[in-house]
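Please read the structure below before turning to the comments.
The figures here come from the full heavy-atom set of this structure, side chains too, leaving out hydrogens, waters and symmetry mates. Every value quoted in this text rests on a predicted model; they were computed, and no experiment measured them.
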Amino acid sequence: MVWSGRTESQCAFTVDRTELDGETEQEWECPHGALEGKERCPFHCQPEDVPDSVDVSEAFLDAIAGDPTESRQDRKRAKQFIGATFDVLDLSNAVVDAGDNHPVDLRGATIDRIDCTDSEFGQRLDLRGATVTETATFDGTYHEVDARDATIAEAVFTGVTADLVDIREAQLDTAAFERATLSGIDARDATIGTATFDRASVIDAAFDRATVEEGSFQHATLEMADFDEATFGTGDFYHATFDEADFRWAEFGTARFYGATFSGGYFNGTSYDEAVFERVEAERLYLPEVTLTDATFADAAVSMKLVVHDSVFVGTDFTGADVERLDATDAAVLGAEFADTAIADLQLDGATLASPRFADSTIDRLRAADVTCLGTVRLHDCTVGTVDLQPTAVGPNGVVVVSLSETAVEDGAFGQPDAGAAVYDLERATLGTVRFEGDGTNSVLDRVVFYRTRFAGFDFRDDDALDLEGANYCLHELDSALRDGLRAALAYPAALDDAVGALADSTDSAADEPATVVDLAAEQASDGALGPDASATFERLSTATAERIDAAAGEVTYLRAKNGANDIADNTAASEFFMSQLAYRRRCQSRRVRDSGASLRERARALARWGMNAFLFVTTGYGERASYTLAASAVLIAAYAGLYLAIAPALFESVGQYAQLSLGSFIAFFLGGVGEVSDPTVSLLAQSEAFLGAFFVALYVFALTRSVSR
C-alpha cells in the first residue's frame, strides 16, 4: 500500500500546545494524511498498526522534503511530528537539507530506536521532550540537535559534527561523544549516567548543574567549559585541554585531571572525595574555599598563579610542582608534602601550618605572617630567597619546631609567637642576612638551635633579639623548659599522618572536619612514640636543653660561626667563637686520649695536642686574651720566687728580695742578662726564667697585636 502525506484524509492526532515550549496556540493538529482505513498517519499510529507495505522511515523523509509549491507555513507544518510514535526510525545515509530553515520537529515523540548514521541535517533536529527507549545514533553532520528535556537510554554522538547539541534537563543513561566536533553543547541541568567525550573537540560547553555519574573527557579539547554546580560521581579529564574552565561549586566523588591543560581553571568551592591534579599545566588555577584530602598536585606546572586561599589541604601531595605564585592565604595545610617543588612566591599569611614537609625545594619568596604552626614545620635541603615567618599561635603544648635542616635562607625574618615558643632548628642550615625577632624584651637565643650551621652574611649585631653578649656568646643552649614541648612537636607529624589516614578511610561525615584531625593528632602526639628520625632529633635538642653539645659538632658549629663573623668584620663575635671552637677541639682531643680502641701512638698524639691546646688557652686565651698572658706571667713570677725561697732560704733576708730576683730574671732578656747569684742552682733557675720571660713577652705581643687587629 502506498502512503502519501498529501492524502485527502487528515490525521486525527492532536496535542495541547501549552505543553510545548514557545507555543501560544492551544491545540496542535497533525498536518499529515491518515493511512487508508485509519484515523491517523503512520507517525501517530502504534507501530504494530502500520501496514508492512509502509516504510515509516521513507515516509518520514518524504514528509520532510515537502512540496516546494506549498506556502511557508505549510512547509513548516509538514516537518512537524509532534508526539509521534516510532518503532525504528532509520535515517542513516540521509541528507536532510530542505529549502527552508524550519526544524525537523519531533517534540514529545516516543522512539524505540533512531539511527542517523552518516546522515546530514541542515536544519535543527528538534527532540525536545522526546523519549528514546533504546538507542539514538547520530553520526554525521548536523546544524543543531535539540534534545532538551528528552529521555534517551543510549545516545551515540560518536564522531558527530554539529553546531549545537542541546540536552538541557535531559535524562540520558549513556551519552557517547567520542571524537565529536561540536561548536557547542548545552547540558545544563541534564542527568547522565555515563558520558564519554574522549578526544572530542568542543568550543563552548555548558554543564551547569548537570549530574553525571561517570564522566570521561580524556584528551578532549574544550575551549570554554562551564561546569558550575555540576555533580560527578567520577569526572575523568585525563589530559583534557581547556581554555577557560569553570567548575565553581561542583561536587566530585572522584576527580581526575591528570595531565590536563588550562589557560584558566576555576574550582571555587568545589568538593571532592578524591582529587587528582597531577601533571596539570595551567596559567591560572583557582581552588579557594576547597577541602582536599589525600589529593595530589604532583608535577603540576602553574605559570602565573595557583590560588587556594581559605582552603583545607589534608595530606595533599605537591611533589615536583612548579608554581610561579601559590596563594594559600588563610588556608589550612595539614601534613602536605612539598618535595622537589619550585615556587617563586609562596603566600601563607593567616594560614594554619600543621607539619607540612618541604624537601629539596626552591622558594624565592616565602611570606607567612600571622600563621598558626603546629608540630614540626620542615624545610629540609631547600633554598629560600626571602622569608617572613611570624607565628601567632603554636602547638601542641605551646611549642613548634621549625626545622631548617640543610636549608639555605638568603634573607628575611623569623619571629616568635606572643605565647609559647617557635624553636628554629638550624642543623647544617646556611643563613644569609636573616633576623630572629622577638618581643624586644627577652633574648630568643635560647629558642634557636645552631648546629653545624653555616653563615653567609648573617649578622649577629643586626639582631638585638638574639643578645649574644647576654648569653656570653653561647650558641648551642636551648631553654630547658622546652623539653616536653619539643617531644610533642616532634611526635606530631607521625600522629597527624595517622589521623589523616584514619580520615581517608572513614565514612563518618563528622570526621571530615579538619579540626578533628588536628585535635586527634595533638592528643596522640602527647603520648606517641618517636620514630627513628624524630628520636635522633629529640636527643640532639634535649642535649641542647641540658646546655651541652657534642664536642665535634661544637667545634664545627663555632668554627663556622667564627668564619661568618669574620666575613662581616664582627671581630668581637669572631673572637668569642674562635675561643669556643678551640675549647671544643680540646674536648675532642681529650676524648681521643681516653679512647681505648685507639692505638698508643694515636692516643699520645692526641695527648700532645690536648696539652698544647690547654697551654694556649691558659697563657693567651687562644691568642684572643692578652690579659691571660699577663696573669700567667704573674703566676710564673710568683712560682719562681717561691721556688727560689725553697731552694736557698738563706740567700736573702726578706721575701721581697726573692720576688725582685724572680721579676728581674723574668725581664732579663731586655736588661741584658741575669744578675750575679751566689747559689749555682738558683742561678740556673734564674736563667730558665729569663728564657720563659722572653717567651711570655712574645706571647703577650702576639695576643695584644691580634686583639688590636680585631
Side-chain angles (χ1 to χ4, degrees), residues 376-382 384 387 389 399-416 421-438 442-480 482-483 486 489-490 536-568 570 572-585 587-588:
T376 303
V377 178
R378 286 181 281 187
L379 290 94
H380 290 181
D381 298 290
C382 296
V384 181
V387 63
L389 177 59
V399 175
V400 65
V401 174
V402 180
S403 180
L404 298 166
S405 179
E406 300 192 57
T407 289
V409 184
E410 295 179 8
D411 187 29
F414 293 102
Q416 288 291 326
V423 176
Y424 294 96
D425 184 4
L426 304 175
E427 180 198 16
R428 302 179 188 276
T430 300
L431 299 181
T433 53
V434 176
R435 301 182 311 281
F436 291 91
E437 299 177 345
N442 298 311
S443 172
V444 300
L445 192 58
D446 59 359
R447 297 179 181 181
V448 181
V449 184
F450 294 99
Y451 188 88
R452 296 179 181 265
T453 308
R454 291 181 171 87
F455 301 89
F458 182 78
D459 191 349
F460 290 99
R461 299 168 304 182
D462 190 38
D463 209 320
D464 294 336
L466 286 179
D467 191 14
L468 268 177
E469 185 176 358
N472 199 27
Y473 292 88
C474 182
L475 295 178
H476 64 275
E477 296 179 6
L478 278 178
D479 185 351
S480 59
L482 299 175
R483 189 177 188 278
L486 288 171
L490 293 171
T537 301
F538 179 61
E539 182 178 352
R540 176 169 54 80
L541 298 183
S542 294
T543 302
T545 61
E547 302 182 0
R548 298 192 308 273
I549 187 173
D550 177 76
E555 180 183 357
V556 173
T557 298
Y558 284 97
L559 167 64
R560 292 174 176 173
K562 177 203 70 176
N563 292 340
N566 278 329
D567 289 342
I568 61 170
D570 186 353
T572 301
S575 173
E576 298 291 342
F577 293 149
F578 178 65
M579 292 183 65
S580 295
Q581 171 203 342
L582 292 188
Y584 280 103
R585 179 179 295 175
R587 294 183 187 182
C588 291

Nearest non-hydrogen partners of [X] and [Y], listed with the distance:
X: G438; Y: V444; result: CA-CG1, 3.8 Å
X: D467; Y: L445; result: O-CD2, 4.4 Å
X: E437; Y: A413; result: OE2-CB, 3.6 Å
X: G415; Y: A422; result: O-CB, 4.1 Å
X: R483; Y: S542; result: NE-OG, 3.7 Å
X: A489; Y: T376; result: O-OG1, 2.8 Å

Please determine whether side-chain contact (heavy atoms from CB on, under 4.5 Å) holds for the pair L482 and V399, giving the CA-CA distance in whole Å, both sets of side-chain angles, and the decisive distance to 0.1 Å.
CA-CA 7 Å; L482 299 175; V399 175; 4.0 Å; yes

Checking side-chain contact (heavy atoms from CB on, under 4.5 Å) between L379 and each of V387, V384, V409, L389, which is the one that passes?
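In the set V387, V384, V409, L389, the residue that makes a side-chain contact (heavy atoms from CB on, under 4.5 Å) with L379 is V384.
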
Would you call [X] and [Y] a side-chain contact if the rule is heavy atoms closer than 4.5 Å?
X: L486; Y: T545; value: yes
X: T430; Y: T453; value: no
X: F577; Y: L468; value: yes

When the ring planes of F460 and F458 are compared, do they come out parallel, tilted or perpendicular, using 30° and 60° as the limits?
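Because their plane-to-plane angle is over 60°, the rings of F460 and F458 count as perpendicular.
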
Partner of S405 under side-chain hydrogen bond (donor to acceptor under 3.5 Å, both in side chains), chosen from H380, R428, E427:
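Among H380, R428, E427, the one meeting side-chain hydrogen bond (donor to acceptor under 3.5 Å, both in side chains) with S405 is E427.
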
Please assess V402 against V423 for the test side-chain contact (heavy atoms from CB on, under 4.5 Å), listing each intermediate value before the final yes or no.
CA-CA 6 Å; V402 180; V423 176; over 6 Å; no

Judged by atom type as modelled, is there a donor-acceptor pair below 3.5 Å linking the side chain of T407 to the main-chain atoms of C382?
yes

Looking at R548 and T543, would you say the former's side chain and the latter's main chain have a donor-acceptor pair under 3.5 Å?
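Answer holds: no.
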
If you count heavy atoms of other groups shown closer than 6.0 angstrom to CZ of R447, is the number above 12?
yes

Return the [atom1] to [atom2] distance between [X] and [Y], rounded to the nearest 0.5 Å.
X: S580; Y: L559; atom1: OG; atom2: CG; answer: 12.0 Å
X: R452; Y: E406; atom1: CZ; atom2: CD; answer: 11.0 Å
X: K562; Y: Q581; atom1: NZ; atom2: CD; answer: 4.5 Å
X: L431; Y: R454; atom1: CG; atom2: CZ; answer: 11.5 Å
X: D567; Y: F455; atom1: CG; atom2: CZ; answer: 11.0 Å

Taking it one step at a time, do V434 and Y424 satisfy side-chain contact (heavy atoms from CB on, under 4.5 Å)?
CA-CA 12 Å; V434 176; Y424 294 96; over 6 Å; no

For the pair T557 and I549, evaluate side-chain contact (heavy atoms from CB on, under 4.5 Å) and give the outcome as yes or no after the intermediate values.
CA-CA 10 Å; T557 298; I549 187 173; 4.1 Å; yes

Hits for side chain to side chain contact (heavy atoms under 4.5 Å, CB included) against T537, two or more places apart or cross-chain, chain-then-number order -> D425, L490, R540, L541

Partners passing side chain to side chain contact (heavy atoms under 4.5 Å, CB included) against L582 (at least two apart in sequence or in another chain)
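Side chain to side chain contact (heavy atoms under 4.5 Å, CB included) list for L582, sorted by chain: F578, R585, N613, Y622.
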
Hey, can you pull the donor-acceptor pairs under 3.5 Å for the side chains in residues 470-479, sequence neighbours left out?
| unit_1 | atom_1 | unit_2 | atom_2 | d |
| --- | --- | --- | --- | --- |
| H476 | ND1 | Y558 | OH | 2.8 |
| H476 | NE2 | Y584 | OH | 3.2 |
| D479 | OD1 | A481 | N | 3.0 |

